[in-house]
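Lettering follows sequence order; numbering is per chain, from 1.
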There are 2 protein chains.
Amino acid sequence: MKKYRKQPYDVAEVRRLIEPGPVVLVSSASEGKTNIMTLGWHMMIGFSPALLGCYIDQSNHSYRMVVDSRECVINIPTTDLLEQVIGIGNCSGADTDKFALFGLTAMPATEVGAPLIAECYASFECRLADAHPNPNQPLFVWEIVRAHVAASPRLPKTLHYRGDGEFMLSGREISTRERYPNQRR
Amino acid sequence: MKKYRKQPYDVAEVRRLIEPGPVVLVSSASEGKTNIMTLGWHMMIGFSPALLGCYIDQSNHSYRMVVDSRECVINIPTTDLLEQVIGIGNCSGADTDKFALFGLTAMPATEVGAPLIAECYASFECRLADAHPNPNQPLFVWEIVRAHVAASPRLPKTLHYRGDGEFMLSGREISTRERYPNQRR
């Protein structure tokens, strides 16, 4: 599988890649083990600090790992990783080494213990900003402390989940930049 | 502009339309006035009840309206509404009647006071489930109490915001339904 050569990216810009709603792969590490889970239930919550809300239920093996380590990496897979995304979403780290099974490469992060996935277009290193933001829902608020993004292509072709095994692929890009005021929008 | 004839839709299925991450138009009504705002910072939080997390900052005129009325409608625009989406996102309901300015049609909802937007592919009637889900962030948790979705086309062509006036359009659909276990995923 293709590995992306990633470069440092301004964390205040990560909305460009997250807001359109791609499926992400959440990698984590705890007690000498790593894991990966798929996640479609996420949202931007802040520009700077860069905050990301994620829904991670206790039924996920990753839940305990992210709670204990208070760290993760949010990786953005491109469409060529469809098979890996399907596979990762349909097995559990409780009995599976997902990096090994799916032939993905764990790279060391800069600030956190969780690994980057080399085959993903972008990797955002996260620290837990708010462990129990909502007593009623398994919501995690992460602060993205470091971002690594491939220099090429300019934007990734991403997978967007609809449920029941259906995915929407990203389509073409439109720029209306000249129509927007010079403010953060 | 084209108006969609919408039909009742199982609220437990709304993730199919929301999870891929489209820009939505949030309509509200309070004290005899209506408003619309654009929203890209949202996420699914539950299947049943159907819960949707939204980021609505106090700088938005809609903030006071949704806080006071505790209701809104989440409408999903299709790509033909690009101009309206840009316009709505770049003016304020404080001094603008957005339905009038953008030639959109307010239709009465079934359960809430906020209007449906007839020109949108889907409209989800929402009641506030959790006004202060997080003391640190302007997050709202809505329960979708009624859903109205166009019968045709089967899935909408949607807009996905990247910031700075850049939009990603939805692309083609892939089904791997036969690969998924018979569980809610």
Side-chain angles (χ1 to χ4, degrees), chain A residues 13 15-23 38 40-47 51 53-55 79 82-83 86-87 89-90 129-130 132-139 141 155 157-181 183-185, chain B residues 13 15-23 38 40-47 51 53-55 79 82-83 86-87 89-90 129-130 132-139 141 155 157-181 183-185:
Chain A
E13 296 288 321
R15 66 88 68 97
R16 187 174 313 284
L17 301 176
I18 285 287
E19 185 166 348
V23 162
T38 52
W41 291 17
H42 56 71
M43 65 183 281
M44 291 298 303
I45 299 180
F47 287 112
L51 298 177
C54 293
Y55 179 101
T79 55
L82 174 65
E83 291 300 319
I86 291 172
N90 281 302
D130 200 338
H132 298 291
N134 185 317
N136 304 321
Q137 310 297 340
L139 284 182
V141 179
L155 292 167
K157 294 206 178 304
T158 46
L159 300 163
H160 299 247
Y161 196 49
R162 292 195 181 279
D164 300 318
E166 297 193 353
F167 292 84
M168 179 198 96
L169 303 190
S170 57
R172 66 185 185 90
E173 305 286 338
I174 289 181
S175 177
T176 67
R177 193 180 271 264
E178 71 290 352
R179 309 266 304 274
Y180 275 69
Q183 337 167 359
R184 184 99 254 198
R185 283 193 177 276
Chain B
E13 297 288 323
R15 66 88 69 97
R16 186 173 312 283
L17 301 176
I18 286 286
E19 185 167 347
V23 162
T38 52
W41 290 18
H42 56 73
M43 64 182 281
M44 291 299 302
I45 300 181
F47 287 112
L51 298 178
C54 293
Y55 179 101
T79 55
L82 174 65
E83 290 301 318
I86 291 172
N90 281 303
D130 197 336
H132 299 292
N134 185 315
N136 304 320
Q137 310 297 341
L139 289 181
V141 178
L155 292 166
K157 293 207 179 304
T158 46
L159 300 163
H160 299 247
Y161 196 49
R162 291 197 182 278
D164 299 319
E166 297 194 352
F167 292 84
M168 179 199 94
L169 303 190
S170 57
R172 66 186 183 91
E173 305 286 339
I174 289 182
S175 177
T176 67
R177 192 180 271 264
E178 72 288 353
R179 309 267 303 276
Y180 275 68
Q183 338 167 356
R184 183 101 256 196
R185 279 192 180 282

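- At distances below 3.5 Å, at least one donor-acceptor pair connects side-chain atoms of B:Thr176 with backbone N or O atoms of A:Gly165.
- Only one option out of B:His160, B:Glu19, B:Arg16, B:Arg172 pairs with A:Met168 in a side chain to side chain contact (heavy atoms under 4.5 Å, CB included); it is B:His160.
- With a 4.5 angstrom heavy-atom cutoff, A:Leu155 touches chain B only via side-chain atoms.
- Between A:Leu139 and B:Met43, the closest side-chain pair of non-hydrogen atoms falls below 4.5 Å.
- If you tally non-hydrogen atom pairs under 4.5 Å between each of B:Thr158, B:Leu51, B:Leu169, B:Leu82 and chain A, the highest count goes to B:Leu169.
- Taking the charged nitrogens against the carboxylate oxygens, A:Glu166 and B:Arg177 do have a contact shorter than 4.0 Å, which makes a salt bridge.
- Considering CD1 of B:Ile18 and CZ of A:Arg162, their distance stands at 10.5 Å, rounded to 0.5 Å.
- For the residue pair A:Trp41 and B:Gly46, the shortest heavy atom distance occurs at CZ3-N, 3.5 Å.
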